[in-house]
Amino acid sequence: MKKITLSALTLAAVLSAGFISCSKKEAAPAAATPAEAPAKAVEEKAAPAAEEKVSQYVHKTSGIYISANDIEVGKIMTDQKEEDGFVIHGAQKPIEVAKTDIKVAGEKFTQRFKMSGSAVEKGGEPVSVISFPAKKGETITLYGISSSKTEARVAEIYDESKAVVASIPLPVYSGDDDAPAVGTYEVTADGTYSIGSKSSTIYIYYINVSK
């Protein structure tokens with residue numbers, strides 16, 4: 001009888017353990033229900049897509065403009081008139097049109113203007129400049145960069161009286177696409193404006209005047 005009783009108890013214990021074990025297994029999925037966790041992870045991965053960078057400036061050809069791409073390669077040693085009232089002033093200091101290979105604001109440039117310093121910071125008049133007409137409310141845009149690989153420089157915009165109306169910092173020359181600066185100035189009065197370097201040599205690729 002002891003054996004039977006013991007077997008019955010053992011069987012009851014086994015069945016009880018099995019029942020508990022089964023219950024635990026069945027209950028497990030219900031307990032682990034953080035169904036929101038995967039959705040959160042998807043949301044976190046998708047977040048950076050909303051922070052995509054948009055190009056700061058889109059190249060435009062409206063209004064009037066001068067591009068180094070359109071000028072014959074070589075040194076300009078006179079005051080050379082171009083279309084739309086642009087004048088390349090190389091009489092006092094030559095302006096050189098030289099070969100290059102760079103992209104600015106999505107536009108490919110194979111040539112650039114090499115502009116010598118104008119010594120304006122020492123009280124001299126700006127020379128080695130490109131001049132053009134502009135009206136109040138129009139925007140002057142230039143693409144430029146320092147000719148130095150170690151020293152950032154400054155392009156200046158002058159009004160008819162040769163006063164500086166805008167200074168545009170130009171980064172060091174790296175040769176990389178989109179490295180040149182895109183600088184703008186909103187014109188406050190009708191007149192003839194010009195662009196040159198504050199002191200040392202800079203490269204100018206493009207000048208645009210438009211609304």
Side-chain angles (χ1 to χ4, degrees), residues 55-72 74-98 102 104-109 111-147 152-171 178 180-211:
S55 180
Q56 292 180 345
Y57 181 84
V58 178
H59 180 74
K60 60 182 178 182
T61 55
S62 56
I64 63 171
Y65 66 88
I66 187 168
S67 171
N69 283 349
D70 300 331
I71 311 300
E72 190 177 339
K75 285 189 177 181
I76 298 170
M77 305 175 74
T78 61
D79 291 343
Q80 183 172 303
K81 293 181 179 179
E82 298 295 334
E83 292 180 11
D84 298 321
F86 283 92
V87 181
I88 304 170
H89 296 270
Q92 294 183 64
K93 269 192 178 181
I95 293 176
E96 184 179 359
V97 179
I102 204 164
V104 189
E107 181 73 2
K108 186 78 170 174
F109 288 91
Q111 296 179 182
R112 66 193 177 203
F113 294 111
K114 185 179 179 182
M115 316 277 289
S116 300
S118 293
V120 176
E121 63 181 351
K122 296 177 182 176
E125 275 206 3
V127 295
S128 187
V129 298
I130 296 174
S131 66
F132 46 86
K135 293 180 179 179
K136 182 178 179 179
E138 291 183 323
T139 298
I140 298 169
T141 302
L142 72 88
Y143 302 167
I145 199 167
S146 169
S147 68
R153 292 176 181 162
V154 176
E156 293 183 322
I157 301 177
Y158 312 103
D159 64 12
E160 285 189 358
S161 68
K162 305 301 182 188
V164 179
V165 295
S167 296
I168 298 168
L170 302 180
D178 288 321
V182 176
T184 61
Y185 167 70
E186 189 172 332
V187 178
T188 57
D190 294 4
T192 298
Y193 291 80
S194 52
I195 290 176
S197 170
K198 181 178 181 179
S199 56
S200 301
T201 304
I202 61 173
Y203 298 141
I204 298 291
Y205 301 88
Y206 182 80
I207 300 169
N208 177 282
V209 183
S210 60
K211 285 283 190 184

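- Contact annotation: the side chain of Val209 never approaches that of Pro133 to less than 4.5 Å [non-hydrogen atoms, C-beta and beyond].
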Next item on the list: Please test Phe132 against Thr192 for side chain to side chain contact (heavy atoms under 4.5 Å, CB included), starting from the C-alpha separation and ending with a verdict.
Entry: CA-CA 6 Å; Phe132 46 86; Thr192 298; over 6 Å; no

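- Contact check for Gln80 versus Ile71: side-chain heavy atoms found under the 4.5 Å cut-off.
- Atoms OG1 and CD, on Thr61 and Glu107 in that order, are 8.0 Å from each other to the nearest 0.5 Å.
- Minimum interatomic distance between Lys93 and Ser116 (heavy atoms only, all atoms of both residues): CD-CB, 3.7 Å.
- With Ser147 contributing its side chain and Thr201 its backbone, the two residues share a donor-acceptor pair below 3.5 Å.
- Taking 4.5 Å as the limit, some side-chain heavy atom of Lys60 sits within range of a side-chain heavy atom of Ser210.
- Glu160 CD to Ser131 OG: the interatomic distance, rounded to the nearest 0.5 Å, is 10.0 Å.
- Shortest non-hydrogen contact noted between Gly144 and Ile204 is CA-CD1, 4.2 Å.
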Check: Between Ile66 and Asp84, is a side chain to side chain contact (heavy atoms under 4.5 Å, CB included) present by the stated rule, with each step listed?
Finding: CA-CA 8 Å; Ile66 187 168; Asp84 298 321; over 6 Å; no

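- Listed by chain and residue number, nothing satisfies the ring-ring contact (aromatic ring centres under 6.0 Å, His included) test with Tyr193 (two or more places apart in sequence, or in another chain).
- When all heavy atoms of Ser197 and Met115 are compared, the pair lying nearest together is CB-O, 4.3 Å.
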Note to self: Applying side chain to side chain contact (heavy atoms under 4.5 Å, CB included) to Ile207 and Phe113, what does each step give before you reach the verdict?
What the structure shows: CA-CA 11 Å; Ile207 300 169; Phe113 294 111; 6.0 Å; no

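- Counting heavy atoms from C-beta on, the side chains of Ile130 and Phe86 come closer than 4.5 Å.
- Taken from CZ in Arg112 to CD1 in Ile202, the straight-line distance is 12.0 Å, to the nearest 0.5 Å.
- Looking at Ile168 and Ile195, their side chains never come closer than 4.5 Å, going by heavy atoms from C-beta outward.
- Of all heavy-atom pairs spanning Ala68 and Gln111, the tightest one is O-NE2, 2.7 Å.
- Annotation: side-chain contact (heavy atoms from CB on, under 4.5 Å) contacts of Thr188 (sequence neighbours excluded): Tyr185.
- Lys114 has its side chain within reach of Tyr203: a pair of non-hydrogen atoms, C-beta onward, lies under 4.5 Å apart.
- Of all non-hydrogen atoms in Val182 and Val104, the two that sit nearest each other are CG2-CG1, 4.1 Å.
- Between the Asn208 side chain and the Leu142 main chain, no donor and acceptor come within less than 3.5 Å of each other.
- Residues satisfying the salt bridge (Lys or Arg N to Asp or Glu O under 4.0 Å) criterion with Lys75, sequence neighbours excluded, are absent altogether.
- Smallest separation of non-hydrogen atoms from Ile95 and Ser128: CG1-OG, 3.5 Å.
- Within 6.0 Å of CD on Gln92 lie no more than 12 heavy atoms contributed by other residues, nucleotides or ligands.
- Proximity of Leu170 to Pro180: side-chain heavy atoms (C-beta onward) are nowhere separated by under 4.5 Å.
- Remark: Phe109 engages Tyr143, Tyr205 in a ring-ring contact (aromatic ring centres under 6.0 Å, His included) (not counting sequence neighbours).
- Residues meeting the side-chain contact (heavy atoms from CB on, under 4.5 Å) test with Pro169, sequence neighbours left out: none.
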Check: side chain to side chain contact (heavy atoms under 4.5 Å, CB included) between Val165 and Tyr158: does it pass, once the steps are laid out?
Finding: CA-CA 6 Å; Val165 295; Tyr158 312 103; over 6 Å; no

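- Applying the salt bridge (Lys or Arg N to Asp or Glu O under 4.0 Å) rule to Arg153 yields the partners Glu151; only residues at least two apart in sequence or on another chain are considered.
- Summarising the local packing, NZ of Lys108 is surrounded by more than 12 heavy atoms from other residues, nucleotides or ligands at distances under 6.0 Å.
- Here the OH-CD distance, from Tyr65 to Glu82, works out to 12.5 Å after rounding to the nearest 0.5 Å.
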